[in-house]
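A, B, ... follow the sequence lines: proteins, then strands. Residue 1 opens every chain.
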Amino acid sequence: MSEFELLDPSGIPLGRPSTGSGAGGASPGAGAAGGGTDPLLDGLNPAQARAVTARGPALLIVAGAGSGKTRVLTHRIAHLIREREAWPSQILAITFTNKAASEMRERIEGLLGDAAQGMWISTFHSACVRILRREAERFGYVSGFTIYDSADSRALLKRIIKDLEADTYGFTPANTGSKISRLKNELSGADDYAATANESDPRDRLFVEIFRSYEQELRRANAFDFDDLIGQTVHLFRSHPDVAAVYQRRFRHLLVDEYQDTNHAQYALIRELTRPVEPEQVERLTPPARAAEIDAMGRIAAASLTVVGDSDQSIYAFRGADIRNIVEFERDFSGAEVVKLEQNYRSTQNILSAANAVIGNNFDRQEKHLWTAEGDGAKIVGFTGYSQHDEARFVAEEIEDLHREGVAYGDIAVFYRTNSQTRALEELLIRSAVPYRVLGGTKFYERAEIKDAMAYLTSIANPYDPIAWSRLLGAPKRGIGPMAEAQLANFQEERDISFHEAMLAAPDLGFGPKLRATITGLAELLHRAARMAAGLPSTASADGAAPEGDADSADDPAWAEGEKRPAPVADVLKLILDETEMIEKLRAKRDPQDEARAENLEELVAVAREFDVKNPGAGLLAFLTEVSLVAAADDLDDTSGTVSLMTMHTAKGLEYRAVFITGVEEGLLPHQMSVDEIGGVSEERRLMYVGITRARERLFLTLASTRAQFGDISVAMPSRFLQEIPEALIDWRQSPGEVTGRGGTESRALNAPRGGQGSASGSRAGRGATRTDSSVSFGASTAGRGGSGSAAVSEPASGNMQSALDKWRERKRLAKEAQRAGGGFPNLIDGTARDNGDLELTPGDRIRHDDYGEGRVTGVTGAGSKRIAHVVFDSVGERKLLVKLSPIAKVE
DNA sequence: TGCGAGATAGTTTTT
DNA sequence: CTATCTCGCA
């Protein structure tokens, strides 16, 4: 609504129709005031400048890695505004992640100041939610609909599969969910699938049934899943041309980033938004179209479309991304212009050469000629560890070296293929007192206790949501079991009322006195919280003894005229937490894990409070939307000054001075799962390409020759991608050939002189490791410098697995706490001493470290549990160690 | 109803 | 290895 008002700021006419085909040449600064240089074009190369100033119905910017596409995109938008070709409200810019969106917004604000207000800069999903919330009533939803994340979808599917007894046919929530997701990304629903399904195949019929019932349940729950957000918006536009017309008219300029990662549904959405408004719809518009908007045929011209992408960075095929969208763009959108950005401003030549060499092995791609004016820079560093711990140790040491050389922690990133690889890395980083953070991974909002609390909020916003409701019944445990739940759910379904109403009817349902009281108590709490969230006065007298004022008598007129102001989300949440005593109950359990959970809940309150401050009066629904759509909670502070750990997928769009790519092994990168898939390896290669091109100055490629997964240890072969990089570019500190010899595992005996065929101890060598010849070419590389390359293995003797694990968890928790306590790595972890908490160290002391051997303490900084010892080791030189957690002891 | 032990099964990337 | 589920018992 309010955005629409911006559409028509009284008299000021638009400069010229932005979509008048092919009008603008590259005449820079056409309307710029003072002549001379145009700040928006200044410093851009010709291709970039063209990408900023080109006008026409469609523009494809082929942007190689590091070619300044964000700059181009932001400048293009700013240029449109400044040249008066568009109002901010006519801009719709779509990015892939929220992080990219907020970064873009910031940069545009930097160029335009307040003039950037009113633009839609968001992800596909956020934009669609915004549209759907506004138009929900058009197709039988309520604007307070819930957004199901994949866990919610799975919970729903689980129920359905169980009801249909489909599990015996091999249907699981996971495989069914991903199949449904795939279909939805192709915009096909249950009926479409049924039309093509094989009627005689019981599995197919059953799947149709599951799919149908899933869609039905979603609707009954007033919920959308992730894929629906896009798909339903498309359906909305197709079935309601008048609604579509509103958006087609409004958004005159559509800009899409990372276009190579769009799937079919997203493509369809773009198509819908870039259709002209036909005359019969033009007539129905409110406010009516002005003459300037309408062309000779009585239509409103199609919006202009700008897409930016790089087919070499397409890494989301598994999610339905269709590379054809970008490859066939010119054919798709007639009159499209193509601008190629090929100069790389990010990386050194060595890094770029490696990237080009790797990606060059993908056959079906258009050649690009990425080049840089930078020098060669440092060589890429390679390292092969004996184990993943050894690899991690190398990473930690190199990070410290870099740090000593003046590279800030915040300029360093460590990438990996799978989230499970973080463990070894985290352990070593903690021990080395390197501040780090993990992006993505186990997300804050996926934690059980957070989901519990969120279930209350969700249920308040949407009392028809069975998933949220069912979750909150059992959290905390209060004696409402499956039996009672089923009874309430049945009642709810029969009467077609909300779950909250069903609970209020509990007295009539023949529950025992205790249960009845519990249920009505809970119903009243939800009711109270709902009123609060809606901005209605809390019922009657102060809390404490719940007054008689039950639901039905809620129509007191007192608040009728006072404008309803939604209560701060944090207050609602606080009410829930206080009344349910969730936090207290966790604390009472005296388990450190539960203590952490309690803290998480407190953090959730803090998050909500922050949301309230940033979005005053936005209300519960906005909060829920943000939570379900925001990926990693802590994207926000890039300034935290810590090393960043993330998967390579998460890394897309980011850049760092120094980058470590870990686990560069066959089976991991490329991942085993991808090897059999068609095009799988190509996609992995693009992933590798993305990883490499994130690095500005320094690139480290590391691997391990053995890797522990699912319990036992297996031999790992170097990735084929390593072979694709010219040997001259890599400086091997320890090459694969030096470590694996002939594919055996020399697990512990590395101090033994090489060549002597060390004992192939422990694990069965060569299991499943059909000898590729990958390792052969590496044998020749040199050993690199002495010193830090060779040290004892760090494998902690795995005597007692369980206690070692517990120990590690505890250590990790403490260390995280320490990091969280304030900016980088300040003071404090109190009391709870561990390992060496009370170890006294003074300069001059000799100590022994499990990994590094003996060394001499040169200094101690920090206080309490944050004490950091500076030690010069005989073998590896200076290291910083967190005294409390390091495996060190004084040598007498 | 709620808890703990034990068995089991599944392991990629994410808005 | 680990997360999830089932089963039996209090």
Show your working on ring pair (Phe, Tyr, Trp, His ring centres under 6.0 Å) between A/F318 and A/H671 and close with a plain yes or no. CA-CA 13 Å; A/F318 72 92; A/H671 195 277; over 10 Å; no
Nearest whole Å is fine: how far is B/dT12 C1' from A/M646 CE? 17 Å
From CD of A/E684 across to C1' of B/dT13 the rounded distance in Å is 8 Å
Salt bridge present between A/R423 and A/E426 (N-O < 4.0 angstrom): no
Please tell me which of the listed nucleotides, C/dT2, B/dT12, B/dT14, lies nearest to the side chain of A/R423? C/dT2
Determine the Euclidean distance between corresponding P atoms of C/dT4 and B/dT13; express it in Å to zero decimal places. 15 Å
Could you check which of B/dT14, B/dT15, B/dT12 has an atom nearest any side-chain atom of A/H125? B/dT15
Quick one: label A/S420 by what it contacts on the DNA or RNA (base, sugar-phosphate, nothing), any heavy atom closer than 4.0 Å. nothing
For B/dT12, is there a stacking contact with A/F318, counting only centres under 5.5 Å and planes under 30°? no
A/F124 near the nucleic acid: base, sugar-phosphate alone, or nothing, with a heavy-atom cut-off under 4.0 Å? nothing
Got a salt bridge between A/K69 and A/D310, using NZ or NE/NH1/NH2 to carboxylate O under 4.0 Å? no
Between A/N419 and B/dT13, does any side-chain N or O lie under 4.0 Å from OP1 or OP2? yes
In whole angstroms, the gap separating C1' of B/dT14 from NE2 of A/H671 amounts to 15 Å
Give me the one residue out of A/K451, A/R159, A/R471 that meets salt bridge (Lys or Arg N to Asp or Glu O under 4.0 Å) with A/D152. A/K451
Check whether any side-chain N or O of A/K99 sits under 4.0 Å from OP1 or OP2 of B/dT15, and answer yes or no. no
Whole-Å distance separating the CZ atom of A/R707 from the P atom of B/dT11: 19 Å
Which nucleotide in the list B/dT12, B/dT15, B/dT14 gets nearest to the side chain of A/S150? B/dT15
What integer distance in Å separates A/I315:CD1 from B/dT13:P? 12 Å
A/L439 has an atom CG; how far is it from atom P of B/dT14, in whole Å? 11 Å
Lys/Arg N to Asp/Glu carboxylate O, A/R478 vs A/E581, below 4.0 Å: no
What integer distance in Å separates A/Q672:CD from B/dG10:P? 18 Å
Nearest-nucleotide pick for A/H649, side chain only, options being B/dT15, B/dG2, B/dT13: B/dT13
Expressed in angstrom and rounded to an integer, what is the separation of A/F224 atom CZ from B/dT15 atom P? 21 Å
For A/R686, report the nucleic acid contact type (base, sugar-phosphate, nothing); a contact means any heavy atom under 4.0 Å. nothing
Taking it one step at a time, do A/E391 and A/R707 satisfy salt bridge (charged side-chain N to carboxylate O under 4.0 Å, His left out)? CA-CA 10 Å; A/E391 178 191 21; A/R707 193 160 289 270; 2.9 Å; yes
B/dT15 pyrimidine/purine six-ring stacking with A/F226, under 5.5 Å and 30°: yes
5'-most contact on DNA chain B (nearest-nucleotide basis), A/L515 vs A/Q266, goes to A/L515
